[in-house]
Amino acid sequence: MSQISKVYNPSEVEDKWYKTWVESGCFKGKVDSKKEPYSIVIPPPNVTGVLTMGHVLNNTIQDILIRRARQMGKSAVWIPGTDHAGVATQTKVEAYLRKEGLSAKKLGREKFLEVAKQWRDKHGGIIIEQLKKLGASCDWDRLVHTLDADYSKAVLTAFVKLFEQGYIYRGKRMVNWCPVNLTALSDEEVIMTPQKSKLYRMKYELVDEPGKFLEIATTRPETIMGDTAVAVNPKDERYSRYIGKKIWRPFPKAQIIIIGDEYVDMSFGTGVLKVTPAHDPADFELSKKHNLPVIEVMNADATMNGLAGPEFEGLDRYAAREKAVEMLREMGQLVAVEDYENNIGFSERGNVPIEPRLSDQWFLRYPKVAEAKEAVESGAIKFWPKRWEKTYEHWLDNIRDWCISRQIWWGHRIPVWYRKGVANPDMHNPDEVYVGVEPPADPQNWVQDEDSLDTWASSWLWPFATMGWPDPKAQKERGMDYFYPTSDLVTGPDIIFFWVARMIMAGMEFLPGEMKDKIPFKNVYFTGIIRDMQGRKMSKSLGNSPDPLAIIEKYGADGLRFGVMNCAPQGQDILFSEERVELGRNFCNKLWNACRFRQMSQPQDNSSLDKIVRRLDRSKMDADDRAIISSLIKCSEEISKDYLLYQFNSITQRLYSFFWNDFCGWYLEVSKSRLNDPEAMQTVLAVEDLCIRQMLLLLHPFMPFITEELWHNMGYGADGSFIQDQSPSFAGELEKAGIVVDAEALEQTEKLKDFATVARALKAKCNLGSKRDVRLLVMPVDDGNLLKSNTEKLKKLIGAASIELVGQQSEMPASLCDLGTVYIDVRGNVDAGAELARLGKEREKLENAIKAARARLANQAFVSKAPANVIEGAKKQLSENEAKLAEILKIIDGLKA
RNA sequence: GGGCGAUUAGCUCAGUUGGUUAGAGCAUCUGCUUUACACGCAGGUUGUCGGGGGUUCGAGUCCCUCAUCGCCCACCA
């Protein structure tokens, strides 16, 4: 055992152990047929991202599960990796290029990708180093990046398979278009945000009835130029007669038709809808139904084009809106402008409203939707908390085709080639269109599709593409047969559609076997979202996002991990503040010092559980020994149950409470006096060593560094093995030695604790709290033997010179406890008034309790219907309280006399 | 508009199937260098468990209802 410092200093310890672990290869996942497999794939962070508190929560949970699995004797692997994050990275690289006076366009695809790769390699991987600081025990040899050659092959293989089965198609559809990033987005990437806007009421003149107008309400006057119809509800008596007639579009001035469609809500606005097929998804549907022309008046960047007319060409959509309103006003066709709040879809990355845009894109009709639903409904995949299953099902029930093409270069280029010189290639004619994982043999005759795939169209393969799929050799090397399906997935509910649901469908589609073999994971644990103390989401713009690395620097990774887990109830959002971490840091320090205290006594052989158990001499154990071991057994059992339910905060609370209160607060204190007794000392030290050993084991998944350090400092890891490979179970070994949970000892200890608390409170009330030599007298309720046999340690604990057993006393401040009446000798310095006031309060409390208990017991319904143990309890409580009250009354009388 | 969650001490939250006098950490107040730990020890203060109704011998816990806050989904211009 080595000397350890007074205050725990995490940084050296953490760096030292992480290095040792990695060098030893103890995080490596190995196929071992003798062991049960346990696997997790990391939700791949953005390769150029930095660690956030969300990552801390997420990855701490994964690390806890992995380390626990190792301790439980499983062969565990945690597969790490990073995501290329298509649009996000492309945007960042473009911003960088702009600063350099360059642009993606100028560079061209090849050059751009070169720069982007350099940029990624320079900024990438920071987050991986940060995860190491956190203690994440990933198998780093398996690090995967979604743009790796193997992984890319998997992505393209999936594309080709789906294309061949007709799930993937290309078509001109209305998509969500980001005018900043100039790409299509999926529905999931659109963030609906309520906006304060205006509702413009304007009037269009009827062609057949000059001077007569229909009033129309719109929020988007800038799209007037693209109107190709006006629609009314055929049931609407106000307007139905105009159906089929023509109306003047104000600009560019043209006649457009009035159509009737049930879709129009008569009660909204004026009941007349302008139809702009090229710039509104609903209007586009109307145009198909009614065969309307489609006029695009906007460019990709949301500026107006030539078709909008010379007044508008080149204007941004919002400038165009103002211009259109102004023109309407000048023409006398603007009726009113009203304040209005509506939901606008925003582009997540571009942070601007998306523009519905008609364009040629690639779509995926989702495969295996029903199977994916069944996987969760049948319980093959379990969600924690369960309520997310509803969200998942609802999404699957309303699923729509996924736009998987992005007009960016950073990503997996769509593996489709078109025959040069063919104007409108037929997708299903191999002479005109080539679809394959490898490029065509005669590339000079083909042109590849320019688009790349949505990032999620690569990450949805994550659980098996990281294990070598679709290459059988790689799968064998990485033990896919053994490790797939993965055991647990830990992620945020915000990507339940983006990622979780899609991974399930991908597993169902691409993997062979029965459902239990195809599912990508058996359990999904959805974390809460980390917020600040005001409940706001953490964001860079608010500046409320603490830097986890700075926190680790200040408090240690173990403190951070413990603090976060302590306040992270299952599936509930977490309001985070640094104070949480202080709790964790303080707990580390407590642990550290308890071990330091133990090391002040002579070292013993701690090299195995067996050796410690053999040092426990049952004949020399007292109630405190038996009680603390009983608590330890119970604590460990409860924790095992909590793990099965993913109740991590409950685990931290049990560990904290046992170690701080039961072990340090009581056991170490009461046994201090026994350390002077050579007979008792050996047993006390053995009990201490056992408790500390088991605590280190149970704490290890939460606080890997300090527990590893102490494990070795305290001599538990004498054979050099790591704590992560040691089983935390011990009750069986104890049982063999005849040591089991001792309810009587626990009860006795509770009584002694109660006595100490009451006595100390009594001291404090008499302003003698800091005196170490008060004289205590006790009138016991029983024979007083428990007190007699524990007098020495109680004196020490309470700060008393003597504890004498006596009969009824008077004129002494007193309190009641389970063991009897405690008096304190204050030698005539009693403040009778204060004492009476205090006792009066206590008397009132007891009287109320007695009254309530009597009423309950007098209630025939209660006595006849309540279970026997409840009635017994009530009776016992009543008689105890009656005895206490009688005692209080005697003391009060004594004081008055 | 639909769905989900939350509402318990000044703050952040526990409270498993209804069962004695509702807990923890932080904060706050008082006292304390006691064989480790002031990142500590001892003691104290703080609650009509969001409102209302119901079921029950008994409700923080189950049911109904209302309110407030938050999240997700939804093409009303």
Side-chain angles (χ1 to χ4, degrees), chain A residues 6-8 174 192 199 216-220 231 263-265 267-270 272-276 280-285 342-343 345 356 385 387-388 390-391 394-395 398 493-494 496-497 529 531 533 535 555 559 566-567 569 571-577 579-580 582-583 585-601 641 645 647 649-650 653 656-657 664-665 668-669 672-673 675-676 756-757 760-761 763-765 767-770 772 796-799 845-846 848-849 852-853 856 859-867 869-871 873-874 876-878 881:
Chain A
K6 191 166 168 178
V7 173
Y8 173 55
M174 193 59 92
M192 298 306 287
L199 186 66
I216 301 174
T218 183
T219 54
R220 303 207 62 193
Y263 164 77
V264 180
D265 181 349
S267 61
F268 186 87
T270 60
V272 186
L273 172 71
K274 74 186 203 59
V275 182
T276 321
D280 184 281
D283 292 4
F284 182 67
E285 291 307 310
N342 59 348
N343 281 329
R387 67 185 144 86
W388 292 110
K390 263 195 187 173
T391 308
H394 182 258
W395 186 74
N398 296 284
D494 48 334
I496 187 168
F497 313 135
I529 292 166
R531 300 170 178 282
M533 288 310 277
Y555 297 100
N566 189 237
C567 69
Q572 229 46 6
D573 286 357
I574 295 128
L575 304 192
F576 178 82
S577 80
E579 283 166 20
R580 314 276 198 187
E582 269 181 50
L583 171 92
R585 189 262 324 250
N586 293 354
F587 189 50
C588 287
N589 196 241
K590 189 74 179 174
L591 185 63
W592 187 255
N593 274 289
C595 290
R596 208 161 67 88
F597 173 72
R598 167 62 187 88
Q599 289 188 319
M600 290 164 67
S601 301
K641 287 184 205 158
L645 298 172
Q647 308 269 23
N649 66 322
S650 171
Q653 280 156 25
Y656 186 95
S657 167
C664 295
L668 286 189
E669 293 302 327
K672 272 177 184 171
S673 54
L675 288 177
N676 300 326
T757 304
R760 284 193 290 221
K763 276 178 68 187
K765 277 167 196 155
N767 289 322
L768 299 171
S770 49
R772 304 288 304 154
K796 200 163 180 49
L797 205 62
I798 294 162
K845 223 167 133 187
L846 283 167
N848 285 338
R856 196 159 48 237
N859 185 336
Q860 201 47 50
F862 174 71
V863 179
S864 60
K865 290 187 184 174
N869 64 322
V870 173
I871 296 174
K876 196 175 158 206
Q877 184 212 346
L878 175 62
N881 282 339

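Note that the coordinates shown come from a computational prediction; the quantities given were computed from them, not determined experimentally. Every chain is numbered from 1, with letters handed out A, B, ... down the list of sequences.
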Exercise. Once you round it to whole Å, what is the distance between P of B:rU16 and CG of A:N649?
Worked result: 13 Å
For this session: Considering only atom C1', compute the distance from B:rU17 to B:rG60 and round it to an integer number of Å.
Result: 15 Å
Problem set entry | First encountered from the 5' end of RNA chain B, between A:H394 and A:T757 | A:T757
For this session: Among B:rA36, B:rC72, B:rA77, find the nucleotide with the atom closest to the side chain of A:M600.
Result: B:rA36
For this session: Remember a base hit wins even if backbone is also touched, and classify A:C588 as base, sugar-phosphate or nothing at under 4.0 Å, heavy atoms.
Result: nothing
Seminar exercise, completed: A:N676 has its side chain closest, among B:rC75, B:rC37, B:rU35, to B:rU35
Listing time: all N or O pairs from protein to nucleotides 23-31 of chain B that are below 3.5 Å?
residue	atom	partner	partner atom	Å
B:rC26	O2'	A:E579	OE1	3.1

Problem set entry | Rounded distance (nearest 0.5 Å) linking atom CG of A:N343 with atom CE of A:M192 | 5.0 Å
For this session: Just jot down the side-chain hydrogen bond (donor to acceptor under 3.5 Å, both in side chains) partners of A:W395, sequence neighbours excluded, or say none.
Result: A:E188
Enumerate the protein-to-nucleotides 6-9 of chain B contacts in which both atoms are nitrogen or oxygen and the separation is below 3.5 Å.
none

Exercise. A:F597 or A:K390: which one's nearest nucleotide on RNA chain B is closer to the 5' end?
Worked result: A:K390
For this session: Please measure how far the C1' atom in B:rG51 lies from the corresponding atom in B:rU8, and state the result in whole Å.
Result: 15 Å
Problem set entry | Closest nucleotide among B:rC75, B:rA74, B:rU35 to the A:A282 side chain | B:rC75
Problem set entry | Between B:rC26 and B:rC62 - P atom distance, rounded Å | 30 Å
Problem set entry | Per A:N343 side chain, nearest of listed nucleotides B:rA74, B:rC75, B:rC41 | B:rA74
For this session: Check step by step if side-chain contact (heavy atoms from CB on, under 4.5 Å) holds for A:F268 and A:L273.
Result: CA-CA 9 Å; A:F268 186 87; A:L273 172 71; over 6 Å; no
Exercise. Counting distance only, does the side-chain N/O of A:D280 pair as donor-acceptor with the main-chain N or O of A:D283 below 3.5 Å?
Worked result: yes
Seminar exercise, completed: Rounded to whole Å, CG of A:L668 lies from C1' of B:rC41 at a distance of 13 Å
Problem set entry | From B:rU35, B:rA36, B:rC39, nucleotide with atom closest to A:N589 side chain | B:rC39
For this session: Grab the CE-P distance between A:M192 and B:rC75 for me, whole Å please.
Result: 8 Å
Exercise. With respect to the side chain of A:R585, which nucleotide from B:rC39, B:rC41, B:rA77 is positioned closest?
Worked result: B:rC39
Exercise. Across the strands shown, which category fits A:A594 at heavy-atom distances under 4.0 angstrom: base, sugar-phosphate, nothing?
Worked result: base
For this session: Please work out if A:K274 contacts a base, only the sugar-phosphate, or nothing of the nucleic acid, heavy-atom cut-off 4.0 Å.
Result: nothing
Exercise. On a whole-Å scale, what distance lies between the P atoms belonging to B:rG23 and B:rU46?
Worked result: 14 Å
For this session: Examine distances only and state if a side-chain atom of A:K274 and a backbone atom of A:I216 form a donor-acceptor pair shorter than 3.5 Å.
Result: no
Exercise. Rounding to the closest angstrom, what is the interatomic distance between B:rC63 and B:rU55 at atom P?
Worked result: 15 Å
Seminar exercise, completed: When rounded to whole Å, the CZ to C1' distance for the pair A:F268 and B:rA77 reads 6 Å
Exercise. Which value, in whole Å, describes the distance between the P atoms of nucleotides B:rA6 and B:rU61?
Worked result: 13 Å
Problem set entry | A:F597 six-ring centre to A:K672 NZ/CZ under 6.0 Å and within 45° of normal | yes
Problem set entry | Nearest-Å distance once atom C1' is located in both B:rU45 and B:rA36 | 30 Å
For this session: Pick the P atom in B:rG5 and in B:rA77, then give their distance to the nearest Å.
Result: 29 Å
Problem set entry | Side chain proximity check, A:L675 to A:S601, heavy atoms < 4.5 angstrom | yes
Exercise. With respect to the side chain of A:R596, which nucleotide from B:rA77, B:rA36, B:rA74 is positioned closest?
Worked result: B:rA36
Exercise. So what does A:E669 hit on the nucleic acid, given a heavy-atom distance under 4.0 Å: a base, only sugar-phosphate, or nothing?
Worked result: base
Problem set entry | Base-pairing string, 5' to 3', of RNA chain B - Watson-Crick or wobble, under 3.5 Å, | interstrand | (((((((..((((.....[...)))).(((((.......))))).....(((((..]....))))))))))))....
For this session: For A:L675 and B:rA36, give me the distance from atom CG to atom P, rounded to whole Å.
Result: 12 Å
Exercise. With sugar-phosphate meaning primed atoms plus P, OP1 and OP2, does A:F284 contact a base, only sugar-phosphate, or nothing at under 4.0 Å between heavy atoms?
Worked result: nothing
For this session: Verify side-chain contact (heavy atoms from CB on, under 4.5 Å) between A:R220 and A:T276, making sure each step is shown before the conclusion.
Result: CA-CA 10 Å; A:R220 303 207 62 193; A:T276 321; over 6 Å; no
Seminar exercise, completed: Testing B:rC4, B:rA42, B:rA77 for proximity to the side chain of A:R760, the answer is B:rA42
Exercise. In chain order, what residues pass the ring pair (Phe, Tyr, Trp, His ring centres under 6.0 Å) check against A:Y8, with sequence neighbours excluded?
Worked result: A:W592
Exercise. Which atom names give the shortest non-hydrogen contact between A:A217 and A:G269, and what distance separates them?
Worked result: CB-CA, 4.2 Å
Problem set entry | Sequence-distant partners of A:K641, side-chain contact (heavy atoms from CB on, under 4.5 Å), two or more places apart | A:E638
Problem set entry | A:K6 NZ - B:rA38 P separation (whole Å) | 5 Å
Problem set entry | Separation of B:rC73 C1' from A:N398 CG (nearest whole Å) | 8 Å
For this session: Determine: side-chain N/O of A:K672 to OP1/OP2 of B:rU35, distance under 4.0 Å, yes or no.
Result: no
For this session: Would you classify A:Y555 as touching base, sugar-phosphate or nothing, given that sugar-phosphate means primed atoms plus P, OP1 and OP2, and contacts are heavy atoms under 4.0 Å?
Result: nothing
Exercise. In terms of side-chain heavy atoms of A:C664, which of B:rC37, B:rA36, B:rG5 is nearest?
Worked result: B:rA36
Exercise. When rounded to the nearest 0.5 angstrom, what is the spacing between CG in A:N593 and CD in A:Q599?
Worked result: 11.0 Å
Exercise. So how far is it from A:F587 CZ to A:N566 CG, rounded to the nearest 0.5 Å?
Worked result: 9.5 Å
For this session: Would you check if the side chain of A:K590 reaches a backbone N or O of A:C664 as a donor-acceptor pair within less than 3.5 Å?
Result: no
Exercise. So, the side chain of A:N589 versus the backbone of A:R585: is there a donor-acceptor pair under 3.5 Å, distance only?
Worked result: no
Exercise. Atom CG of A:L797 to atom C1' of B:rC32: distance rounded to whole Å?
Worked result: 15 Å
For this session: Assess whether one donor atom and one acceptor atom, taken from the side chain of A:Y8 and the base of B:rC37, lie less than 3.5 Å apart.
Result: no
